[in-house]
Amino acid sequence: MSLSTVPNSTSEAGPQVDVESSRAWWQQAVVYQIYPRSFADSNADGIGDLRGIVSRIDYLTKLGIDAVWLSPFYPSGWADGGYDVADYRNVDPRFGTLEDFDLLVQSLHAVGIRIMVDLVPNHSSRLHPWFVEALAAGPGSPERDRYIFRDGRGVDGSLPPNDWPSHWGPQGWTRVEDGQWYLHFFSPDQPDFNWDNAEVRQEFEHTIRFWADRGVDGFRVDVAHGLVKDMSEPYQHFTSFSPLLTPTDGSHPLFDRDDVHEIYRGWRAIFEAYDPPRMAVAEAAVPAERIPLYASSDGLNQAFNFDLLFTEWSAAEFRTAISTNLDIASSSGSPSTWVLSNHDCVRHASRYALPPGTDRNAWLLASGREPSEDRSTGQSRARAAIMLLLALPGSAYLYQGEELGLFEVANLDVATLLDPVWTRTLHTEKGRDGCRVPLPWRAATDNFGFSAGASPLHQPGWFADFAVDAQEADQSSTLALYRAAISLRKQLQGRDVLAWVDTADEDVLHFTRPGGWQSITNFGSSPVPLPVGKVLLSSGPLLDGLLPADTTAWLTSTA
Ligand code: GLC
Ligand code: CA
């Protein structure tokens, strides 16, 4: 670890990071998430694929990112967009082959971009050979012990073993033909592994080595807080499925149990045996104070900080989210990970256009309209937000399409939805397809240049205005802003420290960074004075020395 502590000049001062060190590349990285099905299609079947990504290396290079994180591309039943893995060490034929994967790694590395892959250890697909074997082998068999099978309650065992819900439905158990039940946090297509089983542990270590040997630089660990479960009887009853809603202390039967870190200590030892060491970021929906357990020096390297996914467009809320996570970074020694959007939530350009407190699902269900009426507010705020985010110490995780300023495709025809959330919740939650619609590359080409064949998730007509070619021709486009901001950040980003500057206006967030630069964001509705300094970049036009509403500017610290 190239971390050393610097004297604290402010309460939010954090560890010093050696950004030059390749061991620590991830600590201040800009990571770009690719959802492979919707990025670029190379063979006209309407499904994005690995060769499609290879064909866009130039685009990724111009964006200036440090790493790509690929959502699952493994053989899968596609019951949950690939988060139901049937073979952890292969490529789904719809995405390509292992040779295509090697080509992708080589092509990215050749231009200095690292690659992270998604590891899905909590559950497999129902199609995984181990689950097929478990069903065939029957109750009490070693095959069944790799998953979580139990007898049911009631005279004939027809009631589930307990009352645990699943994320997407009232029941976390599904019954199989011989009468036993298996546990699944998510859909019945995603049976949970039994992490007390030694074979399961060995299998994942094998999988980690397999991808690390192929040149993968890091892993994003799906549902990292869920692997270890307390299955002892009597089963604990709980009412909320989300530990975010009920802060835990490691005592919840299914989430965030302390023993999970023993698994990650083993993985870290594997990562450290590589040169440069491999890394991992945890997707762990845990209360802030528990994050350092995941983002640690002997466990996973980082954990996602999802606070900004739930933060309204408000200076006070942003300041709280930023301060909280800088404090966490300080105590864990692992710089924070900032996220505005990902494949699981409504795109932030749409969120910022909605009135505060809007129920996102209700809005999706009600939405029959295109985003044109909300465009300008959502767009300016999204532009201001990314500049604020890129000015923060730590790493920034971007989601494909946000660099185009894409809005959520809110009015997808429900008959075309692919996300299991829609069916599992009996049509009460519309799900996550609105942020998974294929990217628009060329305004005047069929399917906007995504593919010669149409995707099941229909691209709306307004995507033409957001197409890459249209934005490349426009210096004031959101794509141009992302490119400029990422490139400038690379020159400016230094030690992991931020100092707040007090402002007279409560709608303004202003901070300085080491190396002589500062960032200021106006969340209010009227222009405010700019601080002294030379303007380096702004998210929108400035007005006679004033910072307009919904705008961020970066400036030098002195005139
Ligand atoms: C994670 C993924 C999400 C998936 C779930 C189950 O939360 O981000 O897309 O549905 O895990 O694997
Ligand atoms: Ca394809």
Side-chain angles (χ1 to χ4, degrees), residues 33-56 69-74 76-86 88 91-97 100 104 116-126 128 166-169 172 183-193 219-227 241-244 254-255 281-286 303-304 306 309 339 341-346 397 399 417-425 429 431-436 438-439 447 449-456:
Q33 180 190 358
I34 291 184
Y35 195 72
R37 194 179 72 195
S38 311
F39 187 70
D41 175 20
S42 70
N43 63 351
D45 63 359
I47 301 169
D49 47 51
L50 299 184
R51 285 198 174 253
I53 304 172
V54 172
S55 75
R56 304 292 179 187
W69 146 35
L70 275 192
S71 279
F73 52 85
Y74 316 109
S76 161
W78 278 16
D80 180 18
Y83 284 92
D84 49 318
V85 180
Y88 286 86
V91 174
D92 191 295
R94 289 166 288 195
F95 287 137
T97 62
D100 295 337
L104 177 60
M116 298 167 63
V117 299
D118 227 299
L119 197 63
V120 189
N122 180 67
H123 47 267
S124 73
S125 160
R126 186 142 68 169
H128 192 287
S166 88
H167 260 293
W168 299 329
L183 182 72
H184 51 86
F185 269 10
F186 294 92
S187 76
D189 295 301
Q190 295 162 290
D192 282 33
F193 280 118
F219 299 86
R220 177 262 190 194
V221 182
D222 192 63
V223 198
H225 57 310
L227 276 45
F241 204 68
S242 168
L244 281 180
L254 297 186
F255 293 116
V281 56
E283 186 216 27
V286 296
F304 279 125
F306 287 140
L309 297 181
V339 185
S341 279
N342 63 28
H343 66 296
D344 289 331
C345 73
V346 169
Y397 281 80
Y399 175 53
L417 296 179
L418 301 173
D419 188 353
V421 165
W422 174 242
T423 43
R424 296 294 309 159
T425 64
E429 284 183 40
R432 305 160 294 179
D433 287 316
C435 66
R436 300 174 178 182
L439 295 191
N447 308 310
F450 159 70
S451 166
S455 149

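Both counts, for ligands and for their atoms, begin at 1 and track the order of listing.
Taking the N/O/S atoms of Asp41 in turn, the shortest distance to the Ca ion (ligand 2) belongs to OD1. As for Asp45, its N/O/S atom nearest the Ca ion (ligand 2) is the one called OD1. Take the N/O/S atoms of Asp49: the one nearest the Ca ion (ligand 2) is OD2.
Of all atoms in ligand 1, listed by their number and element, those nearer than 4.0 Å to a heavy atom of Phe186 are 5 (C), 6 (C). The atoms of ligand 1 that sit less than 4.0 Å from any heavy atom of Asp344 are 2 (C), 3 (C), 7 (O), 8 (O), 9 (O). The Val223 neighbourhood of ligand 1 comprises atoms 11 (O), with distances under 4.0 Å to a heavy atom of that residue. Applying the 4.0 Å criterion to heavy atoms of Asp222 picks out, from ligand 1, the atoms 1 (C), 2 (C), 6 (C), 7 (O), 8 (O), 11 (O), 12 (O). Near Arg432, the atoms of ligand 1 lying under 4.0 angstrom from a non-hydrogen atom of the residue are 3 (C), 4 (C), 9 (O), 10 (O). Against a heavy-atom cut-off of under 4.0 Å, Trp168 is close to the following atoms of ligand 1: 10 (O).
For Phe255 and Phe185, the gap between ring centers is short of 6.0 Å.
Neither the backbone nor the side chain of His167 has a heavy atom within less than 4.0 Å of ligand 1. Contact annotation for Asn122 and ligand 1: no heavy atom of the residue comes within less than 4.0 Å of the ligand.
Side-chain atoms of Tyr397 never come within 3.5 Å of backbone atoms of Phe304 as a donor-acceptor pair (strictly under, hydrogens ignored). Checking side-chain atoms of Glu283 against main-chain N and O of Val223 turns up a donor-acceptor pair under 3.5 Å. Side-chain N or O atoms of Ser451 include none that pairs as donor or acceptor with a backbone N or O of Ala454 at under 3.5 Å. Asp192 places no side-chain N or O within 3.5 Å of a backbone atom of His123 that could act as its donor or acceptor partner. Although no hydrogens or angles enter the test, the distance criterion places no donor-acceptor pair under 3.5 Å between the side chain of Asp433 and the main chain of Arg436.
There is a side-chain donor-acceptor pair under 3.5 Å between Asp49 and Ser42. Side-chain contact check for Asp118 and Tyr83: at least one donor-acceptor pair (N or O, by modelled atom type) lies under 3.5 Å.
Note that OG of Ser76 and NE2 of His128 are 11.5 Å apart. Values are rounded to the nearest 0.5 Å.
Using a cut-off of 4.0 Å between Lys/Arg side-chain N and Asp/Glu carboxylate O, Arg432 and Asp80 are scored as salt-bridged.
Shortest contact from atom 7 (O) of ligand 1 to any protein heavy atom: Glu283 OE2, 2.7 Å.
Taking 4.5 Å as the limit, every side-chain heavy atom of Tyr74 sits out of range of all side-chain heavy atoms of Asp92.
At a threshold of 3.0 Å, the Ca ion (ligand 2) has a backbone or side-chain N, O or S atom of Asn43 nearer than that distance. Contact annotation: Arg51 places no N, O or S atom under 3.0 Å from the Ca ion (ligand 2).
The shell of residues lying under 4.0 angstrom from ligand 1, judged by heavy atoms, includes His123. Put simply, no part of Phe304 is less than 4.0 Å from ligand 1, judged by heavy atoms.
At least one N or O atom of Asp80 sits closer than 3.5 Å to an N or O atom of ligand 1.
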